[in-house]
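Notes for the one structure printed next.
Below, all heavy atoms of this structure are taken into account, side chains as well, without hydrogens, waters or symmetry copies.
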Amino acid sequence: MGTVTLTTDNFDEVAQGEGIVLVDFWADWCVPCRRFAPVYEQSAGRHPDVVFGKVDTEAEDELAQRFGVSSIPTIMAIRDGVIVFAEPGALGESVLENVIEQVRGLDMDDVRRRLGTDA
């Protein structure tokens, strides 16, 4: 499926939907970001049910500030509109796959209850 460019205009619409959205905060000048990009792209090809978004922190500084991104790459996982994972650093392929499986396995009713956001 590939990746989706996320901007201030479309971020909330994409991130607040049902399902899993992974977000890669990156910049063109960032060497670890460039090394991580193929891993992220390959994972996107393996998981067509997951939205793989990319936020260029140079072009979308407002989004980086909104989420407190101070180190790139930073990977964020959102499920059903709830941020369930965020970590700076380029993840290896097996770690990224593990994150996806862990996010898939979450009991979102329990997550919302723990966060105090259950309906």
Side-chain angles (χ1 to χ4, degrees):
M1 176 179 177
T3 61
V4 175
T5 299
L6 298 175
T7 66
T8 54
D9 292 334
N10 71 353
F11 188 93
D12 289 338
E13 179 183 341
V14 172
Q16 292 177 1
E18 292 292 314
I20 299 171
V21 178
L22 290 182
V23 182
D24 174 17
F25 289 89
W26 69 284
D28 190 49
W29 54 263
C30 167
V31 173
C33 298
R34 291 197 311 263
R35 287 188 185 135
F36 176 64
V39 171
Y40 196 70
E41 290 284 341
Q42 289 170 359
S43 189
R46 284 192 296 273
H47 301 280
D49 59 317
V50 175
V51 175
F52 285 76
K54 292 183 72 76
V55 173
D56 179 347
T57 58
E58 292 294 304
E60 300 296 335
D61 183 57
E62 183 180 321
L63 282 175
Q65 287 183 28
R66 175 176 161 190
F67 294 104
V69 173
S70 59
S71 180
I72 55 174
T74 288
I75 306 306
M76 178 184 293
I78 304 166
R79 178 152 169 217
D80 300 339
V82 178
I83 298 170
V84 294
F85 175 87
E87 184 173 306
L91 304 179
E93 180 181 346
S94 63
V95 175
L96 181 58
E97 291 298 313
N98 188 357
V99 167
I100 293 167
E101 293 311 311
Q102 297 264 344
V103 171
R104 270 199 180 108
L106 288 173
D107 176 342
M108 289 309 292
D109 290 334
D110 184 52
V111 169
R112 287 188 185 91
R113 190 170 32 261
R114 290 172 186 250
L115 293 173
T117 59
D118 48 343

If you measure from [atom1] on [X] to [atom2] on [Y], what distance do you get to the nearest 0.5 Å?
| X | Y | atom1 | atom2 | answer |
| --- | --- | --- | --- | --- |
| Phe52 | Leu6 | CZ | CG | 12.5 Å |
| Glu58 | Cys30 | CD | SG | 10.0 Å |
| Lys54 | Glu41 | NZ | CD | 6.5 Å |
| Glu97 | Glu93 | CD | CD | 6.0 Å |
| Leu91 | Phe85 | CG | CZ | 5.5 Å |
| Asp56 | Trp26 | CG | CH2 | 4.5 Å |

Return the minimal non-hydrogen interatomic distance between [X] and [Y], and the atom names on each side.
| X | Y | result |
| --- | --- | --- |
| Ile78 | Ala15 | CG2-O, 3.4 Å |
| Phe36 | Ala90 | CB-CB, 3.8 Å |
| Leu22 | Tyr40 | O-OH, 2.9 Å |
| Asp24 | Ile75 | OD1-CD1, 3.7 Å |

Tell me, which pairs form a side-chain hydrogen bond (donor to acceptor under 3.5 Å, both in side chains) where one or both residues lie in residues 70-85, sequence neighbours left out?
->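 Of all non-adjacent pairs touching residues 70-85, none passes side-chain hydrogen bond (donor to acceptor under 3.5 Å, both in side chains).
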Does the pair Arg113/Asp109 count as a salt bridge with the N-to-O cut at 4.0 Å?
->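 So Arg113 does not pair with Asp109 through a salt bridge.
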